[in-house]
Amino acid sequence: MARFIDELRRTHRCGELRGTDIGKEVVLFGWVDTYRDHGGCVFIDLRDREGLTQLVFDPNHPPEGADVELVKQSHALADSMRNEWVIGIRGIVRSRGKNVNPKLPTGEIEIGVIEATVFNKAETPPFPITDDLTTKEEVRLQYRYLDLRRPKMQQIFKVRHQINQVTRRYFDENGFFELETPFMVKYTPGGARNFLVPSRLQPGSFYALAESPQLYKQLFMVAGFDRYFQIVKCFRDEGSRVDRHPEFTQIDVEMSFVSQDDIFNAMEGLIFRIWKEVLGIDLKEHYPSGHFPHMKFEESMRRFGNDKPDLRFEMEHTDLTELVIEQKGGGVPFFGEIAAKFESGKLRRDLPGEIVKAMRIPASAEFSRAEADKLEAYVKSMGAKGLARAKVAEDGSWTQSPLSKSASKEFVAAVNAATGAKTGDLLLFQFGREALVQTVMANLRVYLAKKLGLIPEIGHGGKFNFLWVVDPPLFELDDETGKWAAAHHAFTRPQEGSLEFLEKDPGKVLCYRYDLVLNGFEIGGGSIRLHDPEVQARVFRALGISEEDARAKFGFLLDALQRGAPPHGGIAIGMDRLTMLLSGTDSLRDVIPWPKSQKGTDLLTDAPTPVTNDQLAEVHIRIVAPENPG
RNA sequence: GCGGCGGUAGUUAAGUUGGUUAUAACGCCGGCCUGUCACGCCGGAGGCCGCGGGUUCAAGUCCCGUCCGCCGCGCCA
């Protein structure tokens, strides 16, 4: 083995050699991708990060001038080689003549092997190392290092690497400092659940793993660093989703003396650069101004049911709440109940609490009854009671619907007009608690778009639709407590125009918060921060947080903000989601090298594992509920 | 915390109203083979049917519990 690597150094990567290299002596290292044993001669496709090269072990046609004895030995060795063995070879690049393989970039050439060595006789892999894999994710994650060996995965992580490099270059060129913040931080209540880290030296005390560098990056601004960025891990002990992971990476940014638009400009610059340098796509062709469109939070909720609309297709919602109120339910008992609540003043028109929404599926979609039944099951899985639907007949009346009996003619006509429904169209309705209706309708919209082929099941389909969602409310009504709570965090700056509502109508206060949306995914979000202690105090009051409470929780930040804090704001881009959307995969786990399962376990290492009582004693912890092997 | 789907050979799947020895493809092992590139041909091995309990003459199949994975809801300042 010493001869290879020490004396015979690698000359090329597999995937590099072309017709112009014919005649060269080369040394290649890599993995056996496939072997084709013809008895007298053996073909092996050798794989590394860069591609495949065909090797030929053929003692009857040795490369010119080669030691035939060596060639015979390597042929015998090749006879025993199996998939995923790690080998090295020395040989001569030669033409394939008529036997060119058009599927391979290296298909014009092959290597007439002179000598060979086996570095590692790999065991048979549990699944083939190919791109068209049907193996369950569970098995892939168990052998993640094999999964990552697949060309597709190698490509994804090359992209991820490139995004990192472009990001660093971009921010450096624009005067940002890359600065680090601690992972082990003070636990702060509220917000995402923290992972806790016990302190050995401070018995009974715990650090939290940072859910974001939020507070520290603001302190960087107070410190006068002016522009900061960091590509940083964040930790949140919340349920996983296809686009959510307990440890994830953010491109974290904070800037001083900026408006919301300054932040947008900076991030648009970054996104344009990434698309250009990583994908070779010039976003200027789609966004000639160099800017992404804006949409108000309220408008997004009304038209699409969430604050991250996928704008690659239409199928907008129609809010029927006003119509239902006007027509006192239009004859439909359920709607009548809702109308009555507005009538009695139990619900407010400007802050509804309960709504009625509809979505139209055009007749051309040819949506079958069975498929509509499937939809019903789908919405029920989200907590909806059901899915009212109506087919529009030629005369405009509704059929195949429980609503058809009760709904007044006037109401049917009004709904048809509002939704633009025509003969043969299918109308879908949701009504009741606003949050649920919005969730159900928003998910239904995307589900249907995929079903109807408006967007692909997986990936971007060549379309990248960016959007800034802006002007959301500062406060949200907490469903359980009925009190106002910060929708983002308590340090978001209210808009000057809505300061007057802080005391008299908190629900109407809009703020400088913004989300960057791409194809229905929130890929980033941030805000302009509150740096005025006076307004800060009013916000805390509106939240029902006493001065003492505020001091106890955020004292260090409040102090800092009173010691020369510049106006500042920032944003964090979800690095993993960005990579996912860019590389056209449908799961965050595909772009995280060593991902965890939905329950937060590492299928490769089995983490987390129980520890001994001795280990626990050292950090002053005793386990209560589940048994722990001592 | 809740709902849905799934777990059968190394992998992906089939397995009927409960009924002989649990199938298939790929992979694996052995043999043959000089132009393959998803090489081909012949032969062979391989099973805790996730785990535990129950019903039954008989359970991969029915019932109860449990674990694991995936998708979604809640949650995610």
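Chain A is the first sequence line, chain B the second, and so forth, proteins listed ahead of strands; every chain is numbered from 1.
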Classify the angle between the aromatic ring planes of A:F491 and A:H489 as parallel (below 30°), tilted (30 to 60°) or perpendicular (above 60°).
tilted
Working for side chain to side chain contact (heavy atoms under 4.5 Å, CB included), residues A:R82 and A:T124:
CA-CA 8 Å; A:R82 293 296 180 265; A:T124 305; over 6 Å; no
Nearest whole angstrom, please: distance from the C1' of B:C76 to the CG of A:N194.
12 Å
Given the C1' atoms of B:G54 and B:G18, what is the spacing between them in whole Å?
15 Å
Would you call A:D532 and A:R538 a salt bridge, using N to O less than 4.0 angstrom?
no
Closest approach to the side chain of A:M382, judged atom by atom: which nucleotide of B:C70, B:C76, B:G72 is it?
B:G72
Under 4.0 angstrom, heavy atoms only, what part of the nucleic acid is A:A377 near: base, sugar-phosphate, or nothing?
nothing
Is A:F43 stacked on the base of B:U36, with ring centres under 5.5 Å apart and planes under 30° apart?
yes
Which part of the nucleic acid, if any, lies within contact of A:T439, taking any heavy atom under 4.0 Å across all strands shown: a base, the sugar-phosphate backbone alone, or nothing?
sugar-phosphate
Among the candidates B:U12, B:G35, B:C37, find the nucleotide nearest to the side-chain atoms of A:T135.
B:U12
note: A:H38, atom NE2; B:C41, atom C1'; distance rounded to Å ~ 12 Å
Answer with base, sugar-phosphate or nothing: what part of the nucleic acid does A:L52 contact at a heavy-atom distance below 4.0 Å?
nothing
Rounded to whole Å, the CD-P distance (A:E123 to B:G10) equals 13 Å
What distance, rounded to whole Å, do you find between the two C1' atoms, one in B:A22 and one in B:A14?
11 Å
With sugar-phosphate meaning primed atoms plus P, OP1 and OP2, does A:Q142 contact a base, only sugar-phosphate, or nothing at under 4.0 Å between heavy atoms?
nothing
Parallel, tilted or perpendicular: which describes the rings of A:Y378 and A:Y447, with under 30° parallel and over 60° perpendicular?
parallel
I'd like to know if A:R144 and A:D147 make a salt bridge, using a cut-off of under 4.0 Å between side-chain N and carboxylate O.
yes
Does the structure show a Watson-Crick or G-U wobble partner for B:G3, both distances under 3.5 Å? Name it, or say none.
B:C71
Between B:G69, B:C39, B:C76, which one does the side chain of A:S597 approach most closely?
B:G69
At under 4.0 Å, does any side-chain N or O of A:K136 touch on OP1 or OP2 of B:C68?
no
Counting side-chain heavy atoms from CB outward, which of B:C71, B:C39, B:C73 is closest to A:V242?
B:C71
Give one of base, sugar-phosphate or nothing for A:Q54, where a contact means two heavy atoms less than 4.0 Å apart.
base
Compare the minimum distances between each of B:G35, B:C76, B:C70 and the side chain of A:L141, then state the nucleotide with the smallest one.
B:C70
Think A:K599 has a side-chain N or O under 4.0 angstrom from the OP1 or OP2 of B:C68?
yes
Check the phosphate of B:U36 against A:R36, side-chain N and O only, distance under 4.0 Å to OP1 or OP2. Yes or no?
no
Report the distance from atom CD of A:E376 to atom C1' of B:G72, rounded to the nearest whole Å.
17 Å
Take the angle between the ring planes of A:F183 and A:F235 and call it parallel below 30°, perpendicular above 60°, tilted in between.
perpendicular
I'd like to know if A:R96 and A:E108 make a salt bridge, using a cut-off of under 4.0 Å between side-chain N and carboxylate O.
no
Could you state the atom-to-atom distance from NZ of A:K450 to C1' of B:G72 in whole Å?
12 Å
So what does A:E138 touch, heavy atoms closer than 4.0 Å: a base, only the sugar-phosphate, or nothing?
sugar-phosphate
So what does A:D58 touch, heavy atoms closer than 4.0 Å: a base, only the sugar-phosphate, or nothing?
base
Return the 5'-most residue of the pair A:D79, A:G600 with respect to RNA chain B, ranking by each residue's nearest nucleotide.
A:D79
For B:C49 versus B:G40, give the span between their C1' atoms, rounded off to a whole number of Å.
34 Å
Atom CZ of A:R241 and atom P of B:G69 are separated, to the nearest Å, by 16 Å
In whole Å, I'd like the distance from the CZ atom of A:R577 to the P atom of B:C76.
14 Å
Counting only side-chain heavy atoms from C-beta out, which of B:G35, B:C76, B:C73 sits nearest to A:E238?
B:C76
C1' atom, B:G6 versus B:U66: distance in rounded Å?
16 Å
By the 4.0 Å heavy-atom rule, please label A:R236 as base, sugar-phosphate, or nothing.
sugar-phosphate
Which residue lies toward the 5' end of RNA chain B, A:L603 or A:A486, if each is placed at its nearest nucleotide?
A:L603
Name the nucleic acid region contacted by A:N83, choosing base, sugar-phosphate or nothing; use a 4.0 angstrom heavy-atom cut-off, strictly under.
sugar-phosphate
What's A:G383 touching, base or sugar-phosphate or nothing? Going by heavy atoms closer than 4.0 Å.
nothing
Partner lookup for B:G52, please. Criteria are Watson-Crick or G-U wobble with both distances under 3.5 angstrom; report none if nothing qualifies.
B:C64
Classify the side chain of A:R96 versus the base of B:C37 as yes if they form a donor-acceptor pair under 3.5 Å and no if they do not.
yes
Which of these nucleotides, B:C70, B:U36, B:C75, is closest to any side-chain atom of A:Q598?
B:C70
Heavy-atom donor-acceptor pair, A:K217 side chain to A:V253 backbone, under 3.5 Å
yes
Using atom C1' in both nucleotides, what's the gap between B:G50 and B:C57 to the nearest angstrom?
28 Å
For atom C1', what is the distance between B:A9 and B:G15, given to the nearest Å?
14 Å
Can you tell me whether the side chain of A:R140 and the base of B:G69 have a donor-acceptor pair closer than 3.5 Å?
no
Could you work out the separation of B:C28 and B:U21 based on their P atoms and round it to a whole Å?
32 Å
Closest of B:U12, B:G35, B:G69 to the A:V139 side chain is B:U12
Which part of the nucleic acid, if any, lies within reach of A:K380 when heavy atoms closer than 4.0 Å are counted: base, sugar-phosphate only, or nothing?
nothing
Searching all strands shown, indicate the nucleotide that pairs with B:U16 (Watson-Crick or G-U wobble; both distances under 3.5 Å).
none
Within the structure, does a side-chain N or O atom of A:R82 lie under 4.0 Å from either OP1 or OP2 of B:C29?
yes
Spacing between A:D37 atom CG and B:U36 atom C1', to the nearest angstrom
11 Å
Does anything in residues 428-444 of chain A pair up under salt bridge (charged side-chain N to carboxylate O under 4.0 Å, His left out), and if so which pairs, sequence neighbours excluded?
A:R433-A:D479
Choosing from B:C70, B:C68, B:C73, which nucleotide comes nearest the side chain of A:R589?
B:C70
Whole-angstrom distance between B:A58 and B:G4, as gauged at atom C1':
33 Å
Pair partner, B:G44 [Watson-Crick or wobble, under 3.5 Å]
B:C28
If you measure from the Lys or Arg side-chain nitrogens to the Asp or Glu carboxylate oxygens, is any gap between A:E137 and A:R589 under 4.0 Å?
yes
Could you check whether A:T188 gets within reach of a base, just the sugar-phosphate, or nothing at all, counting any heavy atom under 4.0 Å?
nothing
